[in-house]
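Okay, so here's the structure we're looking at.
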Amino acid sequence: MSWLEPEPFLRGTAWLDGGRAVRADPADMARLPWDTAERAALPIGVRLEFTAGPGTRAVEIHYRAAVPEPDDRMRELAHCFALWEGERLLRESFTAPAEEAVAVLELPPRPGPFTIHPPEAQAPEILGLRGVGGALTPAPARPRWVVHGDSITEGWWSTRPARSWPATAGRMLGLDTVNLGYAGAARGELPTAEQLAGLPADLLTLAFGTNCWSGVPYSAPLLHETVRAYVRLIRSGHPDAPLLLVSPVLRPAAESVRNALGASLAELRTAMEDAARELMADDPRLLLLPGLPVLGPDDLADGLHPNDAGHARLAAAVAQVLRPYV
């Protein structure tokens, strides 16, 4: 059976640059900080969704990826392809790092729909896929949920891409999650808000702020006005879509420590929430989830990023707020 073009099967895609799934507008990269552009090259949250025809025993995935240099500490990290059915992980397949390779995943004797989460490190590009013994069909489209945030949204310290809070909440709600989390970034950059405004989306979520404490220091008044401007820009493209703002989750080392502009994370969080509540008075589909109560110290892997239990807890809290709007 010949290779199928991957694009009809891809989910979680924001933009395509040639055949590569990227997470920032290729035509608007010059306005973004370099770290945002760098993280946007990784296909975080991009996956394959399909149903299997009668007799289909397995799926083959043809892909290419960068290969780490010999002294790179990621050199020995295998590429993991994870097969899910609904909220169940069925199996994983591991391949050694290679510029070009084929991964094979056995399928159970039923049609699915199935989801395959490819690896995200080394910027893999899916070149094609095909069924073994039968046909593959793209899964039906789901409502698109665009999520913007920092490394916590990108999924840091979750043990697998499918365990990140956006991926988990998306499965719970039956959404096509588009993950625009940028590790080290997501500091209220307004060009990103304009890019979000131009993306097709049925729902949106913003979950940034912790990097406004340290990465680029904000004062509380500056972040308050940034949130207002950010929401206004997004509303220019999505005037009626449910838009959820998640303020920063617990970060013990930052809660009462002041940054270079004199703001603690607790004060920045309050500024974000106050801005959201002001806007909610005239925007009934603007929603707020205060982040501080969601996670406890035991939910953090390193004092900042959630572990798997923390990602699951955050996903459940977000899903509870969004469920009436799905």
Side-chain angles (χ1 to χ4, degrees), residues 12 14 23 44-45 142-155 164-182 185-190 192-212 223-224 226-250 265 268-295 299 306 310-326:
R23 299 183 304 121
I44 305 297
R142 304 181 187 215
R144 277 171 59 93
W145 177 36
V146 174
V147 187
H148 170 59
D150 47 40
S151 55
I152 296 172
T153 297
E154 197 178 80
S164 72
W165 73 260
T168 302
R171 283 195 303 273
M172 295 170 69
L173 296 171
L175 299 173
D176 176 8
T177 305
V178 179
N179 188 321
L180 301 184
Y182 307 126
R187 299 168 295 250
E189 294 88 351
L190 297 184
T192 298
E194 292 183 303
Q195 292 192 11
L196 294 174
L199 275 179
D202 297 290
L203 306 91
L204 301 101
T205 294
L206 307 177
F208 66 90
T210 197
N211 289 335
C212 298
L223 188 55
H224 180 279
T226 298
V227 169
R228 291 181 62 91
Y230 214 97
V231 171
R232 180 179 177 182
L233 288 172
I234 289 178
R235 281 298 188 220
S236 70
H238 302 286
D240 301 314
L243 171 58
L244 170 63
L245 176 67
V246 183
S247 64
V249 297
L250 174 69
L265 183 61
L268 293 176
R269 183 185 296 112
T270 297
M272 293 185 70
E273 294 173 3
D274 286 348
R277 291 188 178 101
E278 291 170 9
L279 294 167
M280 289 164 67
D282 298 313
D283 189 343
R285 296 176 78 79
L286 178 63
L287 313 168
L288 173 65
L289 173 62
L292 182 60
V294 176
L295 302 182
D299 297 314
H311 275 282
R313 191 180 300 274
L314 181 52
V318 169
Q320 182 176 6
V321 177
L322 288 179
R323 186 166 282 111
Y325 300 90
V326 173

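Residue numbers start at 1 and run along the sequence shown.
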(message) With side chain to side chain contact (heavy atoms under 4.5 Å, CB included) as the criterion, how do Leu245 and Val227 come out once you've worked through the C-alpha distance, each side chain's angles and the decisive distance to 0.1 Å?
(response) CA-CA 9 Å; Leu245 176 67; Val227 169; 4.1 Å; yes
Taking [Y]'s backbone N and O only, do any of them form a donor-acceptor pair with [X]'s side chain (distance below 3.5 Å, no angle check)?
X	Y	value
Glu189	Arg187	yes
His311	Ser164	no
Asn211	Ala186	no
Arg285	Asp240	yes
Arg269	Gly291	no

Taking distance alone, no hydrogens or angles, what donor-acceptor pairs closer than 3.5 Å link side-chain atoms of residues 319-326 to residues at least two apart or in another chain?
none

Looking only at non-hydrogen atoms, find the nearest pair between [X] and [Y] and report the distance.
X	Y	result
Thr153	Gly181	CG2-CA, 3.9 Å
Thr210	Pro248	N-CG, 3.9 Å
Pro293	Pro290	CD-O, 3.3 Å
Gly12	Asp176	N-OD1, 2.9 Å
Leu289	Val318	CD2-CG2, 3.8 Å
Asn179	Pro166	ND2-CG, 3.7 Å

Please round to the nearest 0.5 Å and tell me the distance separating atom [atom1] of [X] and atom [atom2] of [Y].
X	Y	atom1	atom2	answer
Glu273	Leu292	CD	CG	8.0 Å
Leu203	Arg144	CG	CZ	11.5 Å
Leu233	Arg228	CG	CZ	12.5 Å
Ser247	Leu206	OG	CG	11.5 Å
Arg142	Leu173	CZ	CG	11.0 Å
Leu190	Gln195	CG	CD	12.0 Å

(message) Under a 4.0 Å threshold between the charged nitrogen and the carboxylate oxygen, would Arg313 count as salt-bridged to Asp299?
(response)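 Counted as a salt bridge, because a side-chain N and a carboxylate O are separated by less than 4.0 Å.
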(request) Decide, yes or no, whether a salt bridge links Asp283 with Arg235 under the criterion of side-chain N to carboxylate O below 4.0 Å. (result)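 Salt bridge between Asp283 and Arg235, a charged N being under 4.0 Å from a carboxylate O: yes.
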(message) Can you confirm whether more than 12 heavy atoms, excluding those of Arg232, are under 6.0 Å from its CZ atom?
(response)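 Count not over threshold, so no.
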(message) Parallel, tilted or perpendicular, judged at 30° and 60°: which one describes the rings of His148 and Phe208?
(response)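 Because their plane-to-plane angle lies in the 30° to 60° range, the rings of His148 and Phe208 count as tilted.
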(request) Could you walk me through whether Leu314 and Ile152 pass side chain to side chain contact (heavy atoms under 4.5 Å, CB included), step by step? (result) CA-CA 10 Å; Leu314 181 52; Ile152 296 172; 4.2 Å; yes
(message) Set out, in order, the CA-CA distance, both residues' side-chain angles and the distance that settles side chain to side chain contact (heavy atoms under 4.5 Å, CB included) for Leu286 and Leu288, then state yes or no.
(response) CA-CA 7 Å; Leu286 178 63; Leu288 173 65; over 6 Å; no
(message) Between Arg23 and Ile44, is the side chain to side chain contact (heavy atoms under 4.5 Å, CB included) condition met? List the steps.
(response) CA-CA 8 Å; Arg23 299 183 304 121; Ile44 305 297; 3.5 Å; yes
(request) Report yes if some heavy atom in the side chain of Leu204 is under 4.5 Å from a heavy atom in the side chain of Ile234; otherwise report no. (result)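 Result yes, sub-4.5 Å side-chain heavy-atom pair found.
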